[in-house]
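Below: one structure, written as C-alpha cells.
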Number of protein chains: 2
Amino acid sequence: MANTPNFLAKNKSVILYGVFLAALLFLLKWLELRFIIIDHAFEIYAGSIAVIFTALGIWLALKLTRPKTILIEKEVFTGKPETFILNEKELTKLNISKRELEVLQLMSAGLSNQEIALKLFVSLNTIKTHNARLFEKLEVKRRTQAIETAKRLSIIP
Amino acid sequence: MANTPNFLAKNKSVILYGVFLAALLFLLKWLELRFIIIDHAFEIYAGSIAVIFTALGIWLALKLTRPKTILIEKEVFTGKPETFILNEKELTKLNISKRELEVLQLMSAGLSNQEIALKLFVSLNTIKTHNARLFEKLEVKRRTQAIETAKRLSIIP
DNA sequence: TGAAAAATCACCCTAAAGTATGAGGGTTAG
DNA sequence: CTAACCCTCATACTTTAGGGTGATTTTTCA
C-alpha cells in the first residue's frame with residue numbers, strides 16, 4: 001500500500017500514545033523493581049498501572065475527539081426567534097470549503113486572526129491564507145465586508 | 001439534600017463505572033491466581049490491566065464528554081424580527097453619541113476607516129478617535145468585535 | 001454664561017490585517 | 001494514476017487598524 005504516510009498522519013495521536021508508552025516503560029520497570037524488593041507491593045503496582053492507564057485512556061479519548069467536537073458546533077445552533085438556515089446553494093456556488101466557513105464564523109464572532117489560529121490549532125499564516133481565499137470568493141477586500149456579505153447571503157447567522 | 005436522585009441520574013456513567021470496576025475484581029483475582037500458578041505470567045497480568053484500564057479510560061472519557069460537546073455556540077437573546085428596532089436604552093446607557101453611531105454603522109457595512117472618513121467629510125484621525133471611544137464604550141478591542149456586540153445589543157441592524 | 005460633552009485633528013508608534021508567491025502533503029473523483 | 005482541490009505553512013512586504021497623548025473648536029445644557 002502506498003498510503004502509509006496517510007496512516008501516519010491520521011494516527012498522530014496514536015503514535016504519540018506509543019511514544020508515551022515507551023516512556024512509561026522506565027516507570028514500570030522501576031515499579032517492578034519495587035515489587036521485587038518490597039513484599040506485597042503487588043497491589044501498589046497493579047493499582048499504579050490501572051490509574052496510569054485509565055488516565056492515559058482518558059487523555060487519548062479527549063485528544064481523539066477534540067477535533068470532532070468543533071465540527072459539531074456549527075451544525076447545532078438555532079436562533080430563538082428565527083432559525084438560521086444555512087444557504088448551502090450559495091455556499092456551493094461560491095465554492096467555500098468547510099474550513100473556510102469555520103474561519104468565517106470565528107471571524108464574524110470578532111476573533112483576531114491569531115485567536116482563530118489558536119482555536120483551530122493551525123498557524124497564523126494558514127488563517128491568512130484562508131482569509132485571502134475567502135475574500136476572493138466573496139469578492140470583498142476586508143474581513144468586515146466578508147462578514148457583512150456572508151450574513152447577507154445567509155452563509156453565517 | 002433532596003436532590004440525591006438528581007445526583008444519581010447525573011452521574012449514571014460514574015456509577016456504571018463503579019459497577020464495572022467491581023465486576024473487574026473477579027477477573028483481576030482470577031488473573032492473580034494465574035500469576036501465582038503460572039510462572040512469569042506477570043507480564044500478562046500487567047498487560048491485561050493496562051489494556052483494560054486504557055479502554056476503560058477511553059470509554060469513560062467518551063461517556064463523560066459526549067453530552068458536553070455541543071452547547072458552546074450562540075446564546076442569541078435578540079434575534080432579528082424582520083424590522084430593526086434601535087435599542088435606545090442601551091445606546092443611552094453606553095453613552096454612545098450620534099456621530100459614533102454613524103461611524104459604527106459604516107464600520108459594520110464593511111467600510112475602512114479611510115472610506116468612512118471620506119464619506120463623513122472628516123479626517124482619518126477623527127475616525128480613529130471615534131473608533132477608540134466606541135471600543136472603549138463597547139468594551140471591545142477590535143472593530144469586528146464592536147460590530148458583533150453592537151448587533152447583539154440591537155444598536156445597529 | 002460657563003462647564004461639560006462632543007467633534008475635530010495631529011503625531012508617533014505598535015499591532016494586526018492583508019497581499020503575493022511558493023510549496024508540500026492529503027483527499028477524491030474521473 | 002493523475003488532475004483538481006483542500007489544508008497547511010513560510011517568507012517578505014504593504015496597508016490598515018489601533019493605542020496614547022494632547023489640543024482646538026463647537027455644541028449643549030444646567
Side-chain angles (χ1 to χ4, degrees), chain A residues 1-15 67-68 70-71 74 91-150, chain B residues 91-150:
Chain A
M1 295 284 188
N3 59 352
T4 304
N6 176 26
F7 176 82
L8 289 174
K10 263 193 168 180
N11 295 275
K12 206 162 46 178
S13 296
V14 176
I15 292 163
K68 286 173 186 172
I70 294 170
L71 288 180
K74 67 187 175 201
L91 214 55
T92 308
K93 194 170 74 184
L94 294 177
N95 203 26
I96 292 176
S97 73
K98 206 185 296 182
R99 198 56 155 174
E100 285 162 356
L101 179 61
E102 221 169 343
V103 172
L104 186 55
Q105 287 167 341
L106 295 174
M107 195 182 279
S108 92
L111 275 68
S112 70
N113 287 337
Q114 184 61 68
E115 287 168 345
I116 296 172
L118 287 172
K119 191 154 229 166
L120 299 183
F121 301 105
V122 297
S123 82
L124 174 60
N125 286 310
T126 301
I127 300 302
K128 287 187 178 184
T129 305
H130 285 315
N131 288 354
R133 296 248 162 89
L134 226 29
F135 297 162
E136 198 182 334
K137 290 173 181 176
L138 290 170
E139 296 176 25
V140 297
K141 293 211 165 297
R142 281 176 290 282
R143 54 171 49 213
T144 46
Q145 278 185 348
I147 293 166
E148 201 278 329
T149 301
Chain B
L91 213 55
T92 308
K93 194 169 76 184
L94 294 177
N95 202 27
I96 292 175
S97 73
K98 237 174 292 175
R99 199 58 156 172
E100 284 162 356
L101 180 60
E102 216 170 346
V103 172
L104 186 55
Q105 287 166 341
L106 295 173
M107 195 183 279
S108 92
L111 276 66
S112 70
N113 288 337
Q114 183 60 70
E115 288 167 345
I116 296 171
L118 288 172
K119 192 155 230 165
L120 299 182
F121 300 106
V122 295
S123 83
L124 174 60
N125 284 311
T126 302
I127 301 303
K128 286 187 178 183
T129 305
H130 285 317
N131 287 355
R133 296 253 162 87
L134 271 172
F135 297 161
E136 198 182 334
K137 290 173 181 176
L138 290 171
E139 296 177 22
V140 297
K141 293 210 164 297
R142 283 176 289 282
R143 54 172 50 213
T144 47
Q145 275 185 349
I147 293 167
E148 201 278 330
T149 301

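Below, chain A is the first sequence line, B the second, and so on; all start at residue 1.
Between dT19(C), dT8(D), dT8(C), one nucleotide has an atom nearer to the side chain of K128(A) than all others, and that is dT19(C). The side chain of R133(B) lies closest to dA7(C) when the candidates are dA17(C), dG19(D), dA7(C). With dT11(D), dA17(D), dC7(D) as the choices, the nucleotide that has an atom nearest any side-chain atom of S112(B) turns out to be dA17(D). Here the side chain of N131(B) is nearest to one of dG18(D), dA7(C), dG18(C), namely dG18(D). Closest to the side chain of S97(B), out of dG18(C), dC9(C), dA6(C), is dA6(C). Closest to the side chain of T129(A), from the set dT8(D), dA17(C), dA17(D), is dT8(D).
Listed pair R143(A) / dG18(C) meets the phosphate criterion, a side-chain N or O lying under 4.0 Å from OP1 or OP2. Within the structure, every side-chain polar atom (N or O) of H130(B) is placed at least 4.0 Å from both OP1 and OP2 of dA7(C).
With the nearest nucleotide of DNA chain C identified for both V122(B) and R142(B), V122(B) has the one nearer the 5' end. Both F135(B) and K98(B) lie near DNA chain D, and the one whose nearest nucleotide falls closer to the 5' end is F135(B). Residue-to-nucleotide proximity on DNA chain C shows that, of T144(B) and T126(B), the 5′-proximal contact is made by T126(B).
In this structure, N125(A) reaches the bases: a heavy-atom distance under 4.0 Å links it to at least one base atom across the strands shown. At the heavy-atom level, S123(B) lies under 4.0 Å from the strands shown only through sugar-phosphate atoms.
We find that E102(A) and R99(A) are joined by a salt bridge, their nearest charged nitrogen and carboxylate oxygen being less than 4.0 Å apart.
Here dA6(C) presents its C1' atom at 13 Å from CD of E102(B), a figure rounded to the nearest Å. Rounded to whole angstrom, the span from the CG atom of N95(B) across to the C1' atom of dT28(D) amounts to 13 Å. Between the CD atom of E139(B) and the C1' atom of dG18(D) there is a distance of 18 Å, rounded to whole Å. Between Q145(A) atom CD and dT16(D) atom P the separation is 12 Å, expressed in whole Å. At whole-Å resolution of the value, CG in L120(B) and C1' in dA7(C) are 12 Å apart. When the C1' atom of dA17(D) is taken as reference, atom CD1 of I147(B) falls 13 Å away, rounded to whole Å. Per the geometry, CG belonging to L134(B) stands 15 Å off C1' belonging to dG19(D), to the nearest Å. Residue N113(B) contributes atom CG, which lies 8 Å from atom C1' of dT16(D) at whole-angstrom precision.
We find the CG-NZ distance between L91(A) and K137(A) to be 9.5 Å, quoted to the nearest 0.5 Å. One finds the OG atom of S108(B) at 11.5 Å from the CD atom of Q145(A) (value rounded to the nearest 0.5 Å).
Minimum interatomic distance between A150(A) and L104(A) (heavy atoms only, all atoms of both residues): CB-CD2, 3.6 Å. The two residues I116(A) and V103(A) make their nearest non-hydrogen contact at CD1-O, 4.1 Å. When all heavy atoms of L111(A) and R143(A) are compared, the closest pair comes out as O-NH1, 3.0 Å.
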